[in-house]
Each structure stands twice: as C-alpha cells, then as structure tokens.
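Here's the structure we're looking at; comments come further down.
Letters go in sequence order (proteins before strands), and every chain restarts at 1. These figures come from a predicted structure and were not determined experimentally. Values below: all heavy atoms of this structure, side chains included; hydrogens, waters and symmetry mates excluded.
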There are 2 protein chains.
Amino acid sequence: MSKENLRKCEGDRNDCPIKDVLYRVGDKWSMLTVIMLSDHGTLRFNELHNLIETISQRMLTVTLKTLEADGLIARKMYAQIPPKVEYSLTELGQSLVPPLMSLYEWANVSMPAIKASRERHQKQDLVAPDNR
Amino acid sequence: MSKENLRKCEGDRNDCPIKDVLYRVGDKWSMLTVIMLSDHGTLRFNELHNLIETISQRMLTVTLKTLEADGLIARKMYAQIPPKVEYSLTELGQSLVPPLMSLYEWANVSMPAIKASRERHQKQDLVAPDNR
DNA sequence: CTGCATCCTCACTGATACTG
DNA sequence: CAGTATCAGTGAGGATGCAG
C-alpha cells in the first residue's frame with residue numbers, strides 16, 4: 001500500500017491503476033458474470049442468461065466477449081447441432097475472485113448503513129427548501 | 001463465502017449485493033476520491049480538484065455530494081470569506097479502503113496480462129475476416 | 001442454441017457561465 | 001473559494017429481428 005504512487009492521478013488512464021481496474025470490473029455485468037462462473041464452474045450461454053435474469057442477450061454476449069478478450073474467461077465451443085458453448089474462468093479470472101469477494105463482503109456489511117444514511121439525507125433535503 | 005446466496009441474481013438490485021456495491025463504487029470518480037482522501041487525509045475542494053486533474057468541477061461536486069449522502073465522507077464547512085470546505089473519510093468510508101486496495105493490487109499484478117491478452121485477440125481479429 | 005446487426009433511448013458527463 | 005445552473009454530446013445498454 002505504498003502511498004507514493006497514489007499521490008496524484010492526472011493522466012487519464014495513463015498512470016492511474018485505479019481507473020484501469022474500474023474500466024475492467026466497473027461495468028454493469030462483468031463482475032456478476034465472473035462471480036457466477038466462480039460459483040457454478042463451467043456454464044453454458046443460456047445457463048448464464050438464466051442466472052443473471054436481468055441481463056439482455058446482447059449485453060451477455062458483449063460481456064462474455066470482452067472478458068474472453070481480456071483473458072479472464074475461457075470459451076469452449078462444441079461443433080454440433082444444436083450449438084453448445086461453455087464458459088469458465090481462467091486462472092487469471094479466478095485470481096480476481098478473492099478481491100471481488102472482499103468488496104462483496106464489505107457491501108454486505110456496509111450497505112445497510114449506507115442506505116440508512118441516504119434516507120436521512122433525503123429527509124433533510126425535504127425540509128430544507130420552502131415547500132413552495 | 002457461502003455459495004447459496006450467490007446462486008442467482010435475478011431481481012434488479014433487490015437481492016444482489018454485487019450490484020449494490022457496483023452502483024456505489026463503480027462510477028467514474030467515487031473510488032478515486034475515496035483513495036485520495038484515504039491517502040491525504042483531510043482535503044479541501046480545490047485540493048481534490050488538483051489531485052484528480054481530469055475531473056470536472058461539476059463531477060467533483062456531484063461525487064462529493066453522493067459520497068456524503070451515503071455516509072462515506074464527512075464535509076466540514078467554515079463560515080468565512082473566502083469559503084473553506086474540508087472533506088475527509090468517515091469510519092464507513094475508511095472501511096472501504098482495504099477492499100479497494102485488494103482490487104487495486106490485483107490490477108497492478110494482472111493488468112499487464114490483461115493488456116497482453118487483449119492485444120493477442122486484436123491480432124486474431126485482424127486475420128480472421130477476409131481483407132476485402 | 002448461440003449469437004450478430006441494427007436501431008434507439010436516456011443517463012452520465014463535460015463545458016460554460018454565473019453566484020454567495 | 002466553493003459551489004450552482006443550464007445546455008449539449010456521447011456512448012452504454014435495451015429491444016428487436018435475423019442467421020448459422
């Protein structure tokens with residue numbers, strides 16, 4: 001945790017690993033997909049689609065392609081009719097799971113406090129301005 | 001790390017802490033701001049603006065307000081001319097730093113492999129389609 | 001079953017100007 | 001110094017239809 005290399009973050013994505021990691025895992029579905037694969041092991045396209053019900057087919061495709069291009073997941077395609085494609089985490093992908101889990105656990109512990117704080121602020125905002 | 005509560009993530013933000021935490025820390029500037037405050041301690045508005053050079057004044061304001069509403073940072077305002085406002089992490093905000101750091105360190109270790117993988121895929125894409 | 005292509009929307013973001 | 005207000009552009013993401 002050397003503080004020195006955190007002092008400043010000026011170049012846009014150049015000398016800022018925080019931004020790098022955000023652009024990797026910060027999108028809407030990547031983390032979720034990695035977690036699902038970590039939890040279930042190998043999964044087929046539709047199995048993922050069912051597990052992450054609110055994802056659109058398009059975004060699942062896009063997310064899987066990006067994760068594959070980044071070397072976080074492996075894609076195994078069976079040349080048969082009907083097609084069958086299996087996805088699983090690579091070693092690199094698995095190495096992401098522990099840090100993800102620590103964030104996940106922080107969320108479980110802290111979200112109640114965050115939500116409570118948010119509601120307190122909403123109430124304050126409601127009484128501050130005149131009701132017009 | 002009980003697997004049971006990860007099995008499915010269907011309700012949009014209802015029963016899915018992964019999404020919760022993503023919507024908190026996944027935006028473009030929150031993590032960066034938290035890290036800066038963790039690194040420097042108390043900071044004034046313009047000090048933050050200088051440290052995160054690429055952030056616009058508007059987004060810094062928005063980010064700070066959101067983080068404050070969520071109880072992650074504290075805002076201390078001095079009633080004087082010229083105005084002076086100091087921001088610092090609350091305990092809740094500080095509790096976010098360790099998980100953030102584990103992600104940060106994962107990024108430092110893994111980004112080279114990710115970037116290499118990405119470039120490999122780009123080259124493959126360039127030879128796959130007919131050049132037309 | 002697994003995916004790609006197209007269209008379309010709207011929320012996030014930045015630029016700019018103004019205020020206490 | 002520390003914001004607020006307004007406007008406008010961009011691009012992530014969803015809906016739909018088609019294909020191998």
Mark up nucleotides 5-14 of chain D, 5' to 3', with B wherever a protein heavy atom is under 4.0 angstrom from a base atom, S wherever such an atom reaches only the sugar-phosphate, and - elsewhere. -B------BB
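Here B/K65 does not reach the OP1 or OP2 of D/dG3: none of its side-chain N or O atoms lies under 4.0 Å away. Contact check, A/R44 against C/dG3: no side-chain N or O comes under 4.0 Å of OP1 or OP2.
To the nearest angstrom, C1' of D/dC1 lies 14 Å from CG of B/L64. The distance from atom CD1 of B/I81 to atom P of D/dA2 is 12 Å, rounded to the nearest whole Å. In this entry the distance linking CE of A/M77 with C1' of C/dC1 reads 11 Å, nearest Å. In this structure, A/L43 places its CG atom 11 Å from P of C/dT2, rounding to the nearest Å. Atoms CG (A/L67) and P (C/dG3) sit 13 Å apart, rounded to a whole Å. Residue B/E68 contributes atom CD, which lies 15 Å from atom P of D/dA2 at whole-angstrom precision. Computed from coordinates, the A/H49 NE2 to C/dC1 P distance equals 12 Å when rounded to whole Å. The interatomic distance linking B/Y78 (OH) with D/dG3 (P) rounds to 13 Å, in whole Å.
In this structure, A/V25 and B/L22 approach most closely via the heavy-atom pair O-CD2, 3.8 Å. Residues B/E47 and B/R44 come closest through the heavy atom pair OE1-N, 2.7 Å.
A salt bridge links A/K115 and B/D20; the closest N-O separation between the charged side-chain nitrogens and carboxylate oxygens is under 4.0 Å.
In this structure, CZ on B/F45 lies 14.5 Å from CD on B/E86, to the nearest 0.5 angstrom. Note: A/I73 CD1 to A/E68 CD = 6.0 Å, rounded to the nearest 0.5 Å. Here B/L60 contributes atom CG and B/I55 contributes atom CD1; the two are 4.5 Å apart, rounded to the nearest 0.5 Å.
Between B/D27 and B/S30 the shortest side-chain heavy-atom distance falls below 4.5 Å.
Nucleic acid contact for A/Y87: sugar-phosphate only, since backbone atoms but no base atoms lie under 4.0 Å from a heavy atom of the residue. Using a 4.0 Å heavy-atom distance criterion, A/T61 is classed as a sugar-phosphate-only contact.
For C/dG14, its base never sits under 3.5 Å from the side chain of B/Q57 at any donor and acceptor pair.
Each of B/P83 and A/F45 has a nearest nucleotide on DNA chain C; the 5'-most of these lies closest to A/F45.
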